[in-house]
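Quick one: the structure is below, questions incoming.
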Number of protein chains: 2
Amino acid sequence: MSSKITPITDAAEPSLLAPDGGRKGAAVAERIRVMIIQDELPPGAPVRERALAERLEVSRTPLREAIKILSAEGLVEVQPHRGAVVADPSNEELRGLVELLGVLEAFAAELACRNRTDAELQELRALQDEMMAAYARDDRLGYFRCNQAIHLAIVKASRNRALIHHHGVVNARLYRARYICNLRTRRWASALQEHEDMLQALEARDEAKISGILRNHVLQAWDKMVVMLEEAAANLPRRRAS
Amino acid sequence: MSSKITPITDAAEPSLLAPDGGRKGAAVAERIRVMIIQDELPPGAPVRERALAERLEVSRTPLREAIKILSAEGLVEVQPHRGAVVADPSNEELRGLVELLGVLEAFAAELACRNRTDAELQELRALQDEMMAAYARDDRLGYFRCNQAIHLAIVKASRNRALIHHHGVVNARLYRARYICNLRTRRWASALQEHEDMLQALEARDEAKISGILRNHVLQAWDKMVVMLEEAAANLPRRRAS
DNA sequence: CGGGATAGCGTGGTATGCAATGTTCGGAGA
DNA sequence: TCTCCGAACATTGCATACCACGCTATCCCG
């Protein structure tokens, strides 16, 4: 069998969400997703069909498909006859998303305690080491990537496909916020100990413990995010209008 | 402001999922969703673009949009160059979905404890009474509808938009299974007492209690579903092939 | 008689053109 | 000068035509 599709996306983050098929629309959606996450398309920015289609060198049809997908994921909002804009969640919505993410990850971790293999545990341990190394060398991007990878690995270890999918969607909506939060926050090592505890709970298959840790973990992330958002709001009053 | 869109779907269940815009594609998606739920399009059935487009009196374009939406929701699965088929979740996937639904509803109920208004509580009480009435007169469909309405109302009372949305998606994927399960199960009143307990916990704003009730509640639903599925599997060996 | 290759058909995938709507800018009237 | 109305433009929404891929059935060769 030959190569299935040309992987249009050569982005740094390899496919946050697994698209259903090998269609062009899904590939375009992935590219736009990356553009949104990397702030190339900031929140509130309009998503022009023709312009983007030309820029990505595809026709309007797959681009519209991509917009449908992203709209279903909540990353963009479409207004009839007025086009799509990158979603700009309010603080309240962000809070809801973070809480939801916490619940999903806590549940995933419970399942992971039951279902994990030793290989997965080792991989997590390796990621944890890598993250600590990134912390030691003050590599915030690497730290962030490892952090994400760890959470993703835990969710994947849950073996619950629906859970994995929905977590991916919620995570994508929060990705940008967490990213800039991670880059700008001062005391950015608070998660290290919690991750260590998580790993130990995972090793001991202590479901109750890991669930509590993760819900708390994500809520703390929210606390950090709040102050970040306040700062950001203070700096730039409004950015919606073009 | 005038009427926004012509509600194509006049189905019994009014819009399980709130689509984003007033586009034709979303309307078509809603119609197909109803067709899937009502078993007009049974699991495994292929979704023919041209045929369905002609049947629904729309062009292929909005129909394809609808398929994208449904695919993102997991209600249909598309294989590249081979078309879309109505999702036919395996028992394992169903189990995962049920567990996820339980977690989501449990969390929603916690939030509802915090955020509910007295009006919402009264509405829930009314629904509960209606459900008991339906049970008394052996009206399974009415019972099922009330049951769904109660769960939906609780989720809505959580005031968490993302949670509401994701719950809607998961619920839609399980709707058909729960429906036929409800119609065919023998001892179909087991949920009444639990619902009563739920309402009381909601009244007392007892978060821990309601969370436990709901997770257990949905898992029991799963147990019932399992035996149902076994019966069904025994009756009709395979239904995938056309 | 059996297996493999090829051709035909049906399907989804993509592109483009046309129609409808929303917006904005300019002119005219008060 | 300010406001309201209208027309033109830009952008999305829809439909249709064309293309590529996969499936299948038949025919030929071993």
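To find a chain, count down the sequence lines: A is the first, B the second, and so on, and within it residues start at 1. These numbers come from a predicted model, not from an experiment.
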How many whole angstroms separate atom CD1 of B:Ile67 from atom C1' of C:dG13? 12 Å
Atom-pair distance (CG on A:Leu63; P on C:dG13), nearest Å: 17 Å
Pairing residues for A:Arg82 by the side chain to side chain contact (heavy atoms under 4.5 Å, CB included) criterion, not counting sequence neighbours: A:Gln79
Rounded to whole Å, the NZ-P distance (B:Lys24 to D:dG13) equals 13 Å
Test side-chain hydrogen bond (donor to acceptor under 3.5 Å, both in side chains) applied to A:Glu92 - qualifying residues, sequence neighbours left out: none
Without decimals, in angstroms, what is the distance between A:Glu65 CD and C:dG13 P? 8 Å
Over how many whole Å does the gap from A:Gln79 atom CD to D:dG13 atom P extend? 10 Å
May I have the list of side-chain donor-acceptor pairs in residues 94-101 of chain A shorter than 3.5 Å, sequence neighbours left out?
{"unit_1": "A:Arg95", "atom_1": "NH1", "unit_2": "A:Glu99", "atom_2": "OE2", "d": "2.4"}

Mind calculating the distance between CZ (A:Arg48) and C1' (D:dC9) to the nearest angstrom? 13 Å
Given that B:Val47 and A:Arg82 both sit by DNA chain C, which one's nearest nucleotide is further toward the 5' end? B:Val47
Can you list everything that forms a side chain to side chain contact (heavy atoms under 4.5 Å, CB included) with A:Val227? Sequence neighbours excluded, please. none
B:Asn171 side chain to B:Arg178 side chain, donor-acceptor N/O pair below 3.5 angstrom: yes
Enumerate all atom pairs, one protein N or O and one N or O from nucleotides 16-21 of chain C, separated by less than 3.5 Å.
{"unit_1": "C:dT16", "atom_1": "O4", "unit_2": "A:Thr61", "atom_2": "OG1", "d": "3.4"}

Whole-Å distance between D:dA17 P and B:Glu49 CD? 16 Å
A:Arg60: which residues meet the side-chain hydrogen bond (donor to acceptor under 3.5 Å, both in side chains) condition with it, sequence neighbours left out? A:Glu49
